[in-house]
Amino acid sequence: MKILTPEEMRAADEATFQRLAIPSRAVMESAGRHAADFLASQFPEWLPKGVLVLCGGGNNGGDGFVIARALLGIGVDVRVLSLKPVEELSGDVSANAEAYIQLGGTFSLLQIKDSEQPEFSSLIQSSGVVVDALFGTGLDRPLREDVAELLTTVNRVTSESGTPVFAVDIPSGVNAANGEVLGTALRAETTVALQCLKVGHVLFPGAEHCGETVCLDIGVPESLDEISSVSRELLLESSVAELVQKLFVSSETVHKGVRGHLLVVGGSDGHYGAPKLSGQAALGCGAGLVTLALPKSAARILGPESMELMCAALPDDGKGGFAGTSVEDLAELGEKKSAYVIGPGMGQGGGAQQLLELLLSARAEDSIPTVLDADALNIIADNPKLEAFLGPHVVLTPHPGEMARLTKLSIAEVESDRIGVATELAERLGCYVILKGARSIIASPTGEIWINPAAVATLATGGSGDVLAGVLGALLARGGVVSEA
């Protein structure tokens, strides 16, 4: 499912109006009608109490007037509060406002100061549904203080009364381009995204304000180049199911020798569990064999207790960390390995740095699929010369802190532009990047973006990243290509 920016959606709209000669008013009519139908199906028990539609002066307000007229036509008691008088509206918005009024619709001017009056709160409380058609996807600057107070009042009263908010395209106050909340934003129970998802629907904190988000086809063809060429997509259960079927399902005659051999390099004093978690996750995802390459002191500890995992002991610095190793030893270690996971609990000492450089150099020559996580990322951040060994067979899995170190940005800067930061790093280094977090961003070296819609609080615990690295390593070891894993 494509995810567009507001600018991309506007370009698709203009192509519909200009190249296809479909009138803009017809598209607005389609948007409002489909939204009204969905509202009626979503909140049938609330409709007898009536619907309050809050309309702005732009196209989002025009959609609101169409919704109001459509609901009026099926006998719903509708009231419209508009931020602008009819005489100040223009184009399709004005035409739809006039049509609603001509049918006898109730229309009042919403003065911002009215939000402070008891009558305004009473009107919200007595309504079955509040439709938010104030600002839509065009809002990209902080709200005026008085407008923010209006939205705050609506949030407070609907929360107290239990009145659901139905947002048209995106809740007012959410920046559709990046999910930023522009001071404050309405909290919707349901949001209908018109034609395509926008970035603000899927990235936090804006996503929290959208509630259930549903895409409505409003007549803008998705075959248009302005939409089909967008390389930003939401991962869907159906597409994931296809990959799972392809990567996990095996014939009954399969054996460990054809499922790949994964090498996990990591572990240091106090962090021996990290590579073990990666290795166990890899076996759980079907890797045929997994070898943990650990400092000698860690191998003595983990070897006896990890019966299903093989262990290789590398030189120890006497403090529980790596002391580096020889090219010859690494050649023997890497023999017949089909993928690497490097970094979980590895430490950042001199020996770990030397080991990582040798490993990256060796794998680059053979194009061995490699997942770099945790301390491997931190070492690369401090040693940019290692970036030369990366490439399309490499996956980086940073959390926001590690991404900040890799890009020399603050965590706040990373989080405010997750898609842009991940895209820039993947293209600059020529590898795949998974920026972890709620709604993880997956960026390819050629500019494609996939967004994972899952935001699971149970993953907010130590070790979940090590498990992810192991899962990815298993898929690569089994022969999956990096773009699919």
What side-chain donor-acceptor pairs closer than 3.5 Å can you find for residues 276-286, not counting sequence neighbours?
from: Lys276; atom 1: NZ; to: Glu305; atom 2: OE2; distance (Å): 2.8
from: Ser278; atom 1: OG; to: Ala274; atom 2: O; distance (Å): 3.4
from: Ser278; atom 1: OG; to: Asp466; atom 2: O; distance (Å): 2.8

note = Distance col, row Met346:CE vs Gln353:CD, nearest 0.5 angstrom, shows 9.5 Å
ask   = Is there a side-chain contact between Leu396 and Tyr432, using heavy atoms and a 4.5 Å cut-off?
value = no
message = For the backbone of His399 and the side chain of Glu402, can you confirm whether one donor and one acceptor N or O come within less than 3.5 Å of each other?
response = yes
task = Mind listing the closest non-hydrogen atom pair of Cys311 and Thr291 along with its distance?
result = C-CG2, 4.5 Å
task = Check whether any side-chain heavy atom of Leu236 sits under 4.5 Å from a side-chain heavy atom of Leu234, and report yes or no.
result = yes
ask   = With a 4.5 Å heavy-atom cut-off, do Leu292 and Leu263 have their side chains touching?
value = no
query = With sequence neighbours excluded, what pairs up with Thr213 under the side-chain hydrogen bond (donor to acceptor under 3.5 Å, both in side chains) test?
reply = none
task = Provide the closest heavy-atom pair for Val192 versus Phe166 in the form atom of the first, atom of the second, distance.
result = CG1-CZ, 3.7 Å
ask   = Looking at CG of Leu386 and CG of Leu360, how far apart are the two atoms once the value is rounded to the nearest 0.5 Å?
value = 6.0 Å
query = Quick one: does Lys198's side chain get under 4.5 Å of Thr5's, heavy atoms only?
reply = no
ask   = Without hydrogens or angle criteria, can the side chains of His393 and Thr370 be said to hold a donor-acceptor pair below 3.5 Å?
value = no
ask   = Under 4.0 Å between a Lys/Arg side-chain N and an Asp/Glu carboxylate O for Arg187 and Glu208?
value = no
request  = Report the distance from atom CD of Glu387 to atom CG of Leu425, rounding to the nearest 0.5 Å.
outcome  = 7.5 Å
request  = Check step by step if side chain to side chain contact (heavy atoms under 4.5 Å, CB included) holds for Val414 and Leu435.
outcome  = CA-CA 10 Å; Val414 169; Leu435 175 53; 4.1 Å; yes
task = For Ser361 and Leu358, indicate whether the former's side chain and the latter's backbone hold a donor-acceptor pair under 3.5 Å.
result = no
message = If we ignore hydrogens and angles and just use 3.5 Å, is the side chain of Arg439 paired with the main-chain N or O of Val202 as donor and acceptor?
response = yes
query = Are any non-hydrogen side-chain atoms of Val174 and Leu182 less than 4.5 angstrom apart?
reply = no
ask   = How many angstroms lie between atom CG of Asp169 and atom SG of Cys210, to the nearest 0.5 angstrom?
value = 10.0 Å
message = Applying salt bridge (charged side-chain N to carboxylate O under 4.0 Å, His left out) to Glu448 and Arg232, what does each step give before you reach the verdict?
response = CA-CA 6 Å; Glu448 294 94 348; Arg232 198 181 306 108; over 6 Å; no
query = Would you call Glu357 and Lys385 a salt bridge, taking side-chain N to carboxylate O under 4.0 Å as the test?
reply = yes
query = Roughly how far apart are Leu372 CG and Phe389 CZ, rounded to 0.5 Å?
reply = 12.5 Å
note = Across all chains, not counting sequence neighbours, the side-chain hydrogen bond (donor to acceptor under 3.5 Å, both in side chains) partners of Asn452 are none
ask   = Should we say atom CE of Met1 is surrounded by more than 12 heavy atoms from elsewhere, each under 6.0 Å from it?
value = no
request  = Using modelled atom types only, decide if a donor and an acceptor are shared between the side chain of Arg478 and the backbone of His261 within a distance under 3.5 Å.
outcome  = no
query = Does atom CD of Glu308 have more than 12 heavy-atom neighbours, drawn from other residues, nucleotides or ligands, at distances under 6.0 Å?
reply = yes
task = Output every pair passing side-chain hydrogen bond (donor to acceptor under 3.5 Å, both in side chains) with a member in residues 335-347, not counting sequence neighbours, ordered by first then second residue.
result = none
N/O donor-acceptor pairs under 3.5 Å from side chains in residues 315-324, not counting sequence neighbours:
from: Asp316; atom 1: OD1; to: Gly318; atom 2: N; distance (Å): 2.6
from: Asp316; atom 1: OD1; to: Gly320; atom 2: N; distance (Å): 3.4
from: Asp316; atom 1: OD2; to: Ser297; atom 2: N; distance (Å): 3.0
from: Asp316; atom 1: OD2; to: Ser297; atom 2: OG; distance (Å): 2.4
from: Asp317; atom 1: OD1; to: Lys319; atom 2: N; distance (Å): 2.8
from: Asp317; atom 1: OD1; to: Gly320; atom 2: N; distance (Å): 3.3
from: Asp317; atom 1: OD1; to: Gly321; atom 2: N; distance (Å): 2.9

inquiry  = The test is side chain to side chain contact (heavy atoms under 4.5 Å, CB included); show your working for Met28 and Asp63 and say whether it passes.
reply    = CA-CA 6 Å; Met28 184 176 287; Asp63 297 331; 3.3 Å; yes
ask   = Closest heavy-atom contact between Ala293 and Leu314?
value = CB-CD1, 4.0 Å
query = Between Phe135 and Leu83, is any pair of side-chain heavy atoms under 4.5 Å apart?
reply = yes
query = Can you find a side-chain donor-acceptor pair between Glu189 and Gln42 that sits under 3.5 Å?
reply = no
key: Minimal non-hydrogen separation, Pro275 against Leu294, with atom names   = CG-CD2, 3.7 Å
ask   = Hey, mind stepping through Arg25 and Glu29 against salt bridge (charged side-chain N to carboxylate O under 4.0 Å, His left out) and telling me if it holds?
value = CA-CA 6 Å; Arg25 188 171 176 185; Glu29 182 74 16; 5.4 Å; no
Asn155/Thr152 under side-chain hydrogen bond (donor to acceptor under 3.5 Å, both in side chains): CA gap, chis, key distance, verdict = CA-CA 5 Å; Asn155 279 337; Thr152 299; 5.7 Å; no
query = Is atom CD of Glu332 surrounded by more than 12 heavy atoms (other residues, nucleotides or ligands) closer than 6.0 Å?
reply = no
request  = Enter the distance from Ile67:CD1 to Arg33:CZ here, rounded to the nearest 0.5 Å.
outcome  = 11.0 Å
request  = Measure from the side-chain N and O atoms of Asp375 to the backbone N and O of Gly347, and report whether any donor-acceptor pair falls under 3.5 Å.
outcome  = yes
inquiry  = Quick check: closest heavy atoms across Ala12 and Val220, and the distance to 0.1 Å?
reply    = O-CG1, 3.9 Å
message = I'd like to know if the side chain of Asn383 and the backbone of Ile379 have a donor-acceptor N/O pair within less than 3.5 Å.
response = yes
query = If you take all heavy atoms of Met403 and Thr407, which pair is closest and at what distance?
reply = O-OG1, 2.7 Å
task = Compute whether any side-chain donor of one residue and acceptor of the other, for Gln195 and Glu222, lie under 3.5 angstrom apart.
result = yes
query = Should we say atom CG of Asn60 is surrounded by more than 12 heavy atoms from elsewhere, each under 6.0 Å from it?
reply = yes
message = Regarding Glu14 and Arg10, does a basic nitrogen lie under 4.0 Å from an acidic carboxylate oxygen?
response = no
query = Is the shortest heavy-atom distance from the side chain of Leu262 to the side chain of Leu289 under 4.5 Å?
reply = no
key: Close side-chain approach of Leu216 to Asp37, heavy-atom, < 4.5 Å   = no
query = Where do Ile227 and Cys196 land on the side chain to side chain contact (heavy atoms under 4.5 Å, CB included) test, with the steps shown first?
reply = CA-CA 9 Å; Ile227 295 178; Cys196 295; 4.0 Å; yes
message = Test your reading of the model: is there a side-chain donor-acceptor pair from Lys2 to the backbone of Ser231, 3.5 Å cut-off?
response = no
Qualifying side-chain hydrogen bond (donor to acceptor under 3.5 Å, both in side chains) pairs with a residue from residues 15-24, counting only residues at least two apart or across chains = Arg19-Glu226, Ser24-Asp92
ask   = Any donor and acceptor pair, going by atom type alone, linking the side chain of Asp132 with main-chain N or O of Leu134 inside 3.5 Å?
value = yes
